[in-house]
Amino acid sequence: QPLTFLDKLAGGVLRGQGWNRKSPLLKGCLAAAALIAAADPAVSLARRATIDQILDELRSQENFDLDKAVQGFQRSLDRLRGDGTAARAAALASLRRLATDSAAVDLVLRVAQLVALADGAPSREVEAMVVQIAASLGQAPPELDVPRAADAQGGGLPGRVIVIGNEKGGTGKSTTAIHLAVGLAERGLKVACLDLDSRQATLSRFLANRAAARQLQDRDIKVPRCHRLDLMAPVGTAGATPEEQSRFSAALSDLAGHDVVVVDTPGYASRLAPLAYGVADVLLTPINDSFIDVDALADIDVERREVKAPSSFCRLVWQERERRKRAGRAEIDWIVARNRIGHLDTRNSREMAQLLAVLSRRLGFRLQPGFSERVVFRGLFFRGLTLFDLTDEDVPQGSHASLRHARREVGELLESLAPPASGPTAEARVRYPGDRRGSGGRLA
């Protein structure tokens, strides 16, 4: 079931203890988080974000000093790493003092469960620590199974999940999502859409226009089903909230009978997007044909044409790949689609092609031509139509060749979504200057 805190705080357990920074329950939550974090060699970004989210969630129930709580967690972590066995014994002993308070026990176990699962399938060391924490509280350990996101609702996943993702805006993500969804439906697949861009909601609005066009014009056009998810907490909240995770899982579960789900993500660092990366079979990243857009993938030494460090977006993708590798799951098939390529062979175009070829090997994605700058890709939005819906009579004189080229571009992108013959090579996991990755390509 979805992991939430709000339904476990009944009875005034926090307010009944005063809930200040010296509260035994707060100390217990911090101790459980630190014990699990110390079980692995490094605290991952996902685990850090989960701990921040837990503290934010707890603070929303009763006031306490968040900065001091964070400092308390770090001190506990440092003691566990520096003093080893003695510090672990002291932390577990502090948990035993909560064993008679059933509400407190339940909350601490929820914290332990969330932190343990933050990186996907937990390591054996983390699993063993969760067992010790539960034993100290006199309870059986919580479930640490890692189903794919929709399995928690009992409905499974769609046949294939295609996520359109890039943290830079204006690269054509929604245009790509629209044409992939309609193009796949035209090929006879049962297609649904999931719109995570709660600000723009371009994909949702297009499909609403399309549904209206089908009704008003009595046209036999396919309209993929669509779910739109909005943020349920303030923008500054770290990581998806439990409610957002639950709604995301429920949406995918509801779409489980479809052959393909196309997911559109925002053009900024959204806390909903990593949920989509976690279930993606294909991650399609459109970029414009400019060096500015390449910066969204990596920090580049333009003079030397070298990669200095991967971007935060790239690190998210790598982190998800590592989680899947540890869980024995297939990697994300990452495709970068180069949009708005000029029709002329210019020096800039050649340099872009060379640089992206280097990035493809270094970062581990497949490079694919995207969409050119054509009116037909964006001019039909308010009519709810795409180039697949146009007949010869709909096209102005002299535009038939452009339409053919546009259809070929979409067709080639659709063909690229087939699984690759092999996964990324070892070249995709090289070391970069200033990149603090450990062995095996894991981000430290």
Is there a donor-acceptor pair closer than 3.5 Å between any side-chain N or O of [X] and the backbone N or O of [Y]?
X	Y	value
Ser249	Gln245	yes
His179	Thr176	no
Ser360	Phe365	yes
Arg205	Gln200	yes

Inset, instruction - Can you label the angle between the Phe371 ring and the Phe377 ring as parallel, tilted or perpendicular, going by 30° and 60°? - result: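 Ring orientation, 0 to 90° scale: parallel.
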Could you verify whether a donor N or O on one side chain and an acceptor N or O on the other, from [X] and [Y], lie under 3.5 Å apart?
X	Y	answer
Asn166	Thr285	no
Asp230	Ser198	no
Ser372	Glu409	yes

Between the side chains of [Y] and [X], is the shortest nitrogen-to-carboxylate-oxygen separation below 4.0 Å, so that they form an ion pair?
X	Y	value
Lys168	Asp293	yes
Arg228	Asp197	no
Arg378	Glu373	yes
Arg366	Asp333	yes

Inset, instruction - Report yes or no: is the cationic atom of Arg199 (NZ for Lys, CZ for Arg) closer than 6.0 Å to the six-membered ring centre of Tyr268, at no more than 45° off its axis? - result: yes
Without placing hydrogens or testing angles, list every side-chain donor-acceptor pair under 3.5 Å for residues 128-139, not counting sequence neighbours.
unit_1: Ser136; atom_1: OG; unit_2: Gln132; atom_2: O; d: 3.1

Legend entry - Residues that Glu320 engages under side-chain hydrogen bond (donor to acceptor under 3.5 Å, both in side chains), provided they are two or more places apart: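 So Glu320 forms a side-chain hydrogen bond (donor to acceptor under 3.5 Å, both in side chains) with Arg323, Arg324.
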Legend entry - Results of side chain to side chain contact (heavy atoms under 4.5 Å, CB included) for Ala38 - residues two or more places apart only: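 Side chain to side chain contact (heavy atoms under 4.5 Å, CB included) check on Ala38 returns Leu77, Leu80, Arg81.
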